[in-house]
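Only one structure is covered here, and it is reproduced in the block below.
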Amino acid sequence: MKSIYIHIPYCRSRCTYCSFVSGAPHETMRLYVRALVSEIKDRLTGGEISSIYVGGGTPSVLYRGALTEIFDTVRSRCKVAGDAEITVECNPDSVTADFVDELVKTGVNRVSIGLQTDNDALLKFVNRPHDKSGFLKAYTLLSPIENKSVDLMLGLPMQTKDDLLSSLDLVTGLGAPHISLYALKVEEGTVLYQSGFTADDDFEAELYDLAFEYLRAKGYDRYEVSNFCKDGKLSKHNYGYWDLIDYYGFGVSAHSYLDGYRIANTDNVSKYIGGNYEAERVDARDDRAEEYIMLSLRTSKGLDLNRLTGYGVDLLRTKRKEIDEFVKNGFLTLSNGFLRLTDGAFYVMNGIIASLI
Ligand SMILES: C[S@@+](CC[C@H](N)C(=O)[O-])C[C@H]1O[C@@H](n2cnc3c(N)ncnc32)[C@H](O)[C@@H]1O
Ligand code: SF4
């Protein structure tokens, strides 16, 4: 089975830290949806789909009827499995009763809501178009869709430990089954980068630690570095990426991974609307092993050494010395053919992964 990612490059305003393709002028929305539908018709020719994720940008700013058209097109070109996970990203300020109604009617069964922090002053400072009360209103409107995820960020300018705890209290108090916690990345070209702000890695690590302990005490499992869930409600779609399943990426700047090829769509909205969606196709067969090592070690399931051998790398032969050393120092465990990072190893994860590649 394969999965589908669909990118929507529209937002109400631009957050100061944002580096996604998200600032397309709203007047182009109908043309964009038309181009998207045409790309899906061109490239999706049968097969079964296990998950669909509509992200952005802000899919909730789309005009009513757009998601219906997009999902109808997908369903007309392939079989969407009966138990498929279908997620749509929402920003609190654009969630309306009509929008929720369309989600339900189109079979959406999971939403991911971007809160980031519940501190109104911080939200304003990074130019988010919503506040805490807007988030609460959106969360209530979205009650017909039980499977909710909330995004929070670590290391926002001026964010304190108390801010983070307050956001975690709010979200866990609502009973959100899934929480994603992202450490702020200050990417070149963003307003935040231009302002001279730099991320404080040590403080972000402290915030992460605090959140990890807090969420563990509330019964959330960390199943991937940035992702926590209760009652097994992990994101099937994201798990598919970490498990290297094939996926289609439709829309501007979307990436696909299909039959050993990595395909990057153009990140130019005008070009995309003009029908020129594909930008680059690269044979990805050679880097499957590397990719698998990088992605699987981020998950609690860990790295299946047998599977890696299938990709042509016998890690117990090529990296035995390094593995033994990491196990001895308490960074890795090796059991039943799986290598896993220990709880204490997440800060040094990048170094460990680099030395196993
Ligand atoms: C694809 S984004 C878009 C979601 C939605 N538009 C929003 O901002 O709420 C998904 C998530 O990535 C995270 N994110 C965005 N920019 C980030 C950055 N510069 N560093 C770390 N996380 C970021 C935010 O938590 C955001 O909710
Ligand atoms: S709402 Fe999300 S996608 Fe839009 S500008 Fe902000 S971070 Fe970027």
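Residues take their numbers from the sequence shown, with the count starting at 1. In listed order, ligands and their atoms are each counted from 1.
- The residue from Y193, Y53, Y17 that puts a heavy atom closest to atom 16 (N) of ligand 1 is Y17.
- Near S13, with a cut-off below 4.0 Å to any heavy atom, the atoms of ligand 2 are 5 (S).
- Counting only heavy atoms of the protein, atom 25 (O) of ligand 1 lies nearest to Q116 OE1, 2.7 Å.
- Side-chain N/O atoms of E39 and N265 include a donor and acceptor closer than 3.5 Å.
- For a distance bound of 2.8 Å, the N, O or S atoms of C11 include one lying that close to atom 4 (Fe) of ligand 2.
- Only the side chain of M153 comes within 4.0 Å of ligand 1, judged by heavy-atom distances.
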> Hey, mind stepping through R128 and D93 against salt bridge (Lys or Arg N to Asp or Glu O under 4.0 Å) and telling me if it holds?
Replying inline: CA-CA 9 Å; R128 296 283 299 174; D93 51 284; 6.0 Å; no
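- Annotation: K185 places an N or O atom under 3.5 Å from an N or O atom of ligand 1; distance criterion only.
- For N227 and S180, the side-chain atoms include at least one donor-acceptor pair closer than 3.5 Å.
- Among protein heavy atoms, the minimum distance from atom 11 (C) of ligand 1 is reached at D151 OD2, 3.3 Å.
- Surrounding CZ of F197 are more than 12 heavy atoms belonging to other residues, nucleotides or ligands, all under 6.0 Å away.
- Counting heavy atoms closer than 4.0 Å to ligand 2, residue R128 contributes side-chain atoms (C-beta onward) but none from N, CA, C or O.
- None of R262, E278, R43 except one satisfies the side-chain hydrogen bond (donor to acceptor under 3.5 Å, both in side chains) rule with S256; the exception is R43.
- Residue E89 has no nitrogen or oxygen atom sitting less than 3.5 Å from a nitrogen or oxygen atom of ligand 1, judged on distance alone.
- Of the possible donor and acceptor atoms, one in the side chain of E89 sits under 3.5 Å from a partner among the backbone N and O of G56.
- No donor-acceptor contact under 3.5 angstrom links the side chains of T16 and N127, judged on distance only.
- The contact set between ligand 1 and G57, taken as ligand atoms under 4.0 Å from a residue heavy atom, comprises 3 (C), 5 (C), 6 (N).
- The protein non-hydrogen atom at the shortest distance from atom 9 (O) of ligand 1 is R128 NH2, 2.8 Å.
- Within the 4.0 Å heavy-atom criterion, neither part of H130 lies near ligand 1.
- Counting only N and O atoms by type, the side chains of S22 and R14 include a donor and acceptor under 3.5 Å apart.
- Residue T58 approaches ligand 1 through these ligand atoms, each under 4.0 Å from one of its heavy atoms: 6 (N).
- In this structure, Y248 has its ring center no closer than 6.0 Å to that of Y257.
- Protein heavy atom at the shortest distance from atom 5 (C) of ligand 1 is N91 OD1, 3.1 Å.
- Residue Y182 touches ligand 1 through its side chain alone, judged by heavy-atom distances below 4.0 Å.
- Formation of a donor-acceptor pair under 3.5 Å by the S355 side chain with backbone atoms of G351 is found in this model.
- The nearest protein atom to atom 3 (S) of ligand 2, hydrogens excluded, is given as G57 N, 3.3 Å; this is a heavy-atom distance.
- In this structure, P129 falls outside the shell of residues with a heavy atom less than 4.0 angstrom from ligand 2.
- Nearest non-hydrogen protein atom to atom 1 (S) of ligand 2 is N91 ND2, 3.1 Å.
- Each of the atoms 20 (N), 21 (C) of ligand 1 lies under 4.0 Å from some heavy atom of L184.
- By the neighbour-count criterion of 12 heavy atoms within 6.0 Å, atom OH of Y241 is densely surrounded, having more than that number from other residues, nucleotides or ligands.
- Within the listing of ligand 2, atoms 7 (S) sit less than 4.0 angstrom from a heavy atom of Y17.
- G56 counts as a contact of ligand 1, since one of its heavy atoms falls under 4.0 Å from the ligand.
- The protein heavy atom nearest to atom 8 (Fe) of ligand 2 is C18 SG, 2.3 Å.
- Nearest non-hydrogen protein atom to atom 15 (C) of ligand 1 is F20 CE1, 3.4 Å.
- A donor and an acceptor atom, one from each side chain of D42 and Y277, are located under 3.5 Å apart.
- The backbone N or O of T68 lies less than 3.5 Å from a partner atom in the side chain of E102, making a donor-acceptor pair.
- Between C18 and ligand 1, a contact under 3.5 Å exists for no N or O pair.
- With ring centers used as reference points, H178 lies 6.0 Å or more from F228.
- Which of S180, S149, G155, A183 comes nearest to atom 21 (C) of ligand 1 through a heavy atom is settled by distance: it is A183.
- Of all protein heavy atoms, the one lying nearest to atom 5 (S) of ligand 2 is C15 N, 3.4 Å.
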>> Is there a side-chain hydrogen bond (donor to acceptor under 3.5 Å, both in side chains) between S19 and Y193? Walk through the geometry before answering.
In response: CA-CA 10 Å; S19 62; Y193 178 88; over 6 Å; no
